[in-house]
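Encoded as structure tokens, the structure appears first; notes follow it.
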2 protein chains.
Amino acid sequence: MKTKEPFPQHVDQLFTDSRVATMANSAYSIIENGCIGVTGKKIAWVGPKQALPEDYRNKCDQILDCKNRFILPGFVDCHTHLVWAGSRSNEFEMRLKGVTYEQIARKGGGIVSTVSATRKAAVETLFDLASKRLEALLKNGITTVEIKTGYGLNLETELKMLDVVNLLNQRFAQHIEATFLGAHTLPPEYKGNRKAYLDLVINKMLPKVKSQGIATAVDVFCENIAFSLDETKQIFKKAIDLGFNVKLHAEQLSDSKGAAIASQFNALSCDHLEYLSFESAQTMAEKNVTAVLLPGAFYFLKEEQKPPIKIFRQLKIPMAVATDLNPGSSPVHSMPLVLNMACILFGMTCEEAILGATINGAKALGLENLKGSIETGKDADFVVWDIQTPADLCYLAGLSPIKMVVIKGAVQYEKNDSHS
Amino acid sequence: MKTKEPFPQHVDQLFTDSRVATMANSAYSIIENGCIGVTGKKIAWVGPKQALPEDYRNKCDQILDCKNRFILPGFVDCHTHLVWAGSRSNEFEMRLKGVTYEQIARKGGGIVSTVSATRKAAVETLFDLASKRLEALLKNGITTVEIKTGYGLNLETELKMLDVVNLLNQRFAQHIEATFLGAHTLPPEYKGNRKAYLDLVINKMLPKVKSQGIATAVDVFCENIAFSLDETKQIFKKAIDLGFNVKLHAEQLSDSKGAAIASQFNALSCDHLEYLSFESAQTMAEKNVTAVLLPGAFYFLKEEQKPPIKIFRQLKIPMAVATDLNPGSSPVHSMPLVLNMACILFGMTCEEAILGATINGAKALGLENLKGSIETGKDADFVVWDIQTPADLCYLAGLSPIKMVVIKGAVQYEKNDSHS
């Protein structure tokens, strides 16, 4: 932290009397009695109150007393499938009553039901549904969100999902990154004809998605039940040629060696990774690929194989955590809940979990120079919390001690307690 | 459900156009296009809109359109330790860094640190801390709360905790039941002198607590690491003599046979029960004792032995679920999160989990004639939810789709969305 940098001649806003967990330098990096200067959309200064110049009051348009509350960077949720139509809670209930996945699939349930509902839904419907979710994320401190397609699985609907993401980006203050996941699962109408679908994804969808100009990255679900290593390579090759970033759903249910391939393509991230081998992890480390861990899906699917946290630590692979918000395997709408699960289920420390939801989430999106920590020059995205220590965010399950969310310098949410 | 009962000559309020999951008759018992009439603090009528008399508008002071939202009974949280001082999140963080329970205990951590902080805290401090928690529970739909003592472990502080509960009961709309848990753990100053502490609990504390008149029940933590079967019996005997209800922390960490003893004393409930034997369960069934299941503690303690849900089903033992809100093993402030954990971790169905948080929670407190279902004559405690099906409450993790909380006929919380 450059706490010794000089205070600017002028800042628009100065947030004072807070305890700032900057999350810089891969640690809490707490500044006691901390202040954050904001000019326009950017952080202009960060440091302790005693480092302010004597005449600082004359240099600020506005001064906000944070009453000794904690400020942390806005959360970066780097893996979601937030745009969908239809509900799967009935399916959730059926499974608990003993109905099997197979029986549900035969009734048209599972991901196919989400694809079918999403294909039928109008842009406005999808936008309304997604807006509610995005607002829920905002209210628990998420200021940057990645959103994947992959419930369209035909050109028209994949582009429609991206249009929805684009609308969300226009209407919400949160920064949104769109990812094309045409290779999410084989759509039912291509059953027995994988090659044709792969051809569609590579030769039709990818160029059209590129020319549409909304998605910045391409993701593939590489798994026994989804796309093979070889298919992944073909998709990645074209994606890279077109100038997309790539990332991968890898090693969630088996060791498919996807992470090693993704690393060779300089992927931004490999996600899930429960079955990652040491060798593949080494490749990730060499290529500085971020590991995105998704405890919500692990929990909902009642998995037992945990991602190799010790290997990530040993090889210094940055660990991000994300909600994986989706209707099938992770209807998880809260980052504090994800932090809690990362600690309880994966054994991450509180500091690792919070780094995962901030700076490492930003790394997973290639946004580490703009987002994820409270440092001069970065976007002024931060959250004021009514907590005693950052660990409270991981520990207080089901409580949202949020007070205020600031995005690019503007207050986007303030908790309004109307207890009568 | 008596949907055929005649509409009264007059009701104060009529909630119309809702879908009412009454939770009567041990099932969702959903009334589509349902209406709830409220007079004073009580439910005066429940039924479908088409059963209203033609001139019903003339018979209601106020009519509230619920816009087709779901209404469920207010949640009954029948097991909490909501009054405490001090924080244990630092301990949570240390454990994740590899510090053992023993090392933490040697540093004065664990329950001893909570007891120490609670003894030192003024009534006002304890009240303020507890108020925040009680308000959080209100905002996720909990309208009845049981609160245990047990962080005092001396006469003065146990009575002080009950004074705090009494204040909470006066200041909050939620119905509160107070339970004396002097036999929570052996206080450090009695180490090596169990008999003297038992004597204190039985001969000093119990009579004083009785004459104070706030607690209605007596609980004991019966376990290897806490109080023995024989000690439990001695405490229960005196408690019953004094006119208290009894309940038991039983079979959480081992099969101590506590549930069978508690049943013989006609306990309201046995709580935790992970290690319950079939024989003890039979005793519970014979005596109609409610099983209170606490998935939050199971989750936070990373337990693997689950309570015997199939036996409860087989023997028709009512299953309640509760937050177990406490700083050490279950800092869980949300009933929807508990419902989710009951489904995912214990394999309960959504209907069982919701019955557990409503009518069976009420049974565990002996309040089944007043609380826990939406039926004529019961207290008008209910919650309006923005959900499509009751299962959504179990499925949507980390989202609080609450709209309004009504307690004894009065709106106590309305969600106020101030997204700017």
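Proteins come first, then strands; the chains are lettered A, B, ... in the order of their sequence lines, and each starts at number 1.
A side-chain contact (heavy atoms from CB on, under 4.5 Å) with A:Phe75 is found for exactly one of A:Val321, A:Val145, A:Ile142, A:Thr144, namely A:Ile142.
Side-chain N or O atoms of B:Asn360 include one that pairs as donor or acceptor with a backbone N or O of B:Met319 at under 3.5 Å.
Interface remark: of the candidates A:Arg88, A:Lys132, A:Lys97, A:Arg95, A:Arg88 forms the most heavy-atom pairs closer than 4.5 Å to chain B. For the set B:Gly98, B:Cys350, B:Pro331, the count of heavy-atom pairs under 4.5 angstrom toward chain A peaks at B:Pro331. Ranked by non-hydrogen atom pairs under 4.5 Å with chain A, the options B:Gly398, B:Ala397, B:Ser400 are led by B:Ala397. Counting heavy-atom pairs under 4.5 Å between each of A:Ser87, A:Pro390, A:Ala410, A:Pro327 and chain B puts A:Pro327 at the top.
Neither the backbone nor the side chain of B:Gln388 comes within contact range of chain A, judged by heavy atoms closer than 4.5 Å. For chain B, the nearby parts of A:Met341 are the backbone and the side chain; heavy atoms of each come within less than 4.5 Å. In this structure, no portion of A:Pro336 lies under 4.5 Å from any heavy atom of chain B. For a residue to count as touching a neighbouring chain, one of its non-hydrogen atoms must lie under 4.5 Å from one of that chain's; by this rule B:Thr389 touches chain A with the side chain only. The contact between A:Ile344 and chain B is made by backbone and side chain atoms together, counting heavy-atom distances below 4.5 Å. With a 4.5 angstrom heavy-atom cutoff, B:Arg133 does not touch chain A via any of its atoms. At a 4.5 Å heavy-atom cutoff, A:Met335 makes no contact with chain B through either its backbone or its side chain. Contact annotation for B:Asn340: both backbone and side-chain heavy atoms come within less than 4.5 Å of a heavy atom of chain A. Of the two parts of B:Leu345, only the side chain, counted from C-beta on, holds a non-hydrogen atom closer than 4.5 Å to a non-hydrogen atom of chain A.
Residues A:Trp385 and A:Arg19 fail the side-chain proximity criterion, which asks for heavy atoms closer than 4.5 Å. At least one side-chain heavy atom of B:Leu293 sits under 4.5 Å from a side-chain heavy atom of B:Phe312. For the pair A:Arg313/A:Glu352, a side-chain contact is recorded, criterion being any heavy-atom separation below 4.5 Å from C-beta on. When side chains are defined from C-beta on, A:Met23 counts as touching A:Leu355, because their heavy atoms get closer than 4.5 Å.
Residue B:Gln170 qualifies as enclosed at atom CD: its count of foreign heavy atoms under 6.0 Å is above 12.
Neither side chain, B:Ser334 nor B:Asn140, offers a donor N or O lying under 3.5 Å from an acceptor on the other.
The aromatic rings of B:Phe92 and B:Phe300 lie tilted to each other, with the angle between the two planes from 30° to 60°.
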